[in-house]
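Taking it in order: structure first as C-alpha cells, then the write-up.
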Amino acid sequence: LKSFARPHVVMDEGGLIRMSDSHGKISFPLSIREAKSGTYVLKFQSESPSAQVLLSSEPFTVVNPIENIKPINEWSSIEVDSFEKDVIIPQHLQFQVAIGGGDSLHSLADEGISIKIQLVLKSL
C-alpha cells in the first residue's frame, strides 16, 4: 500500500510505502511533518496505475497554535544593497512568537511538537 498527500502537506518519507507481512497485515507508522491548520483524512491505496482508495481514516484536525510573529527592538524594515547576492544583515534580528493558550515554543518542543519557522525577506 502507499499513502499520498496534497501538495501543501509534507509526510514523513519513512512511512509512505509499506509491504504486508506473510499474514497480509500492514503497519503504517505515519507522521505528518508539515501541514496548515485544518481537517484531514488519511487515504490508502495499492501502488498501481489504476489504484483505488481502499481505506480512509477518520477525520482529524491539525491546529497551528502560533498566533503571530512580531519583531523585537522596533525594527520594521531592513535595507540591503542587492537581493542577487548574499549579504550580512546589519543588525541582529529578534522575534517574539505569540502562541495561543500561553504556551511557549519550548513547551511545544517538550511535548514533541516539531517546530519549523522560515523567515523570507521580500523586496518592496
Side-chain angles (χ1 to χ4, degrees):
L1 290 178
K2 77 171 188 174
S3 60
F4 55 92
R6 291 187 174 154
H8 63 278
V9 174
V10 178
M11 302 291 287
D12 185 357
E13 295 291 329
L16 293 183
I17 298 178
R18 293 289 181 188
M19 301 297 289
S20 65
D21 65 13
S22 61
H23 302 287
K25 294 180 181 178
I26 299 175
S27 174
F28 266 93
L30 293 174
S31 62
I32 299 169
R33 292 185 27 212
E34 186 176 321
K36 294 182 180 180
S37 292
T39 302
Y40 295 89
V41 174
L42 295 176
K43 296 182 179 186
F44 301 92
Q45 68 186 39
S46 61
E47 187 180 24
S48 66
S50 61
Q52 295 180 349
V53 173
L54 302 173
L55 175 67
S56 295
S57 72
E58 292 294 318
F60 62 94
T61 302
V62 172
V63 177
N64 179 354
I66 296 176
E67 293 177 347
N68 62 55
I69 301 174
K70 295 180 180 178
I72 297 177
N73 300 336
E74 301 300 322
W75 62 272
S76 61
S77 65
I78 300 169
E79 291 186 26
V80 293
D81 293 333
S82 172
F83 276 87
E84 310 302 320
K85 61 182 180 176
D86 291 343
V87 295
I88 296 174
I89 297 175
Q91 63 192 74
H92 184 72
L93 306 180
Q94 294 181 330
F95 302 89
Q96 178 181 5
V97 180
I99 298 177
D103 280 334
S104 69
L105 290 178
H106 286 93
S107 65
L108 294 177
D110 288 345
E111 293 175 22
I113 297 171
S114 177
I115 299 167
K116 174 185 168 186
I117 297 176
Q118 180 178 351
L119 173 67
V120 178
L121 297 177
K122 296 183 179 182
S123 63
L124 297 175

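Here the shortest heavy-atom pairing between Pro59 and Val41 reads CA-CG2, 3.9 Å. When all heavy atoms of Asp103 and Glu111 are compared, the closest pair comes out as OD2-OE2, 4.5 Å. Residues Leu108 and Pro65 come closest through the heavy atom pair CD1-CG, 3.8 Å.
Under a cut-off of 6.0 angstrom, the local environment of CG in Asn68 is crowded, with over 12 non-hydrogen atoms contributed by other residues, nucleotides or ligands. The number of heavy atoms from other shown groups lying within 6.0 Å of CD (Gln52) does not exceed 12.
Applying the side chain to side chain contact (heavy atoms under 4.5 Å, CB included) criterion to Thr61, with sequence neighbours excluded, gives Thr39, Val63.
In this structure, Asp110 CG and Ser104 OG are separated by 7.5 Å, a value rounded to the nearest 0.5 Å. Once rounded to the nearest 0.5 Å, the distance linking CG of Leu55 with CG of Leu42 reads 9.0 Å.
A heavy-atom distance below 4.5 Å is found between the side chains of Tyr40 and Val62.
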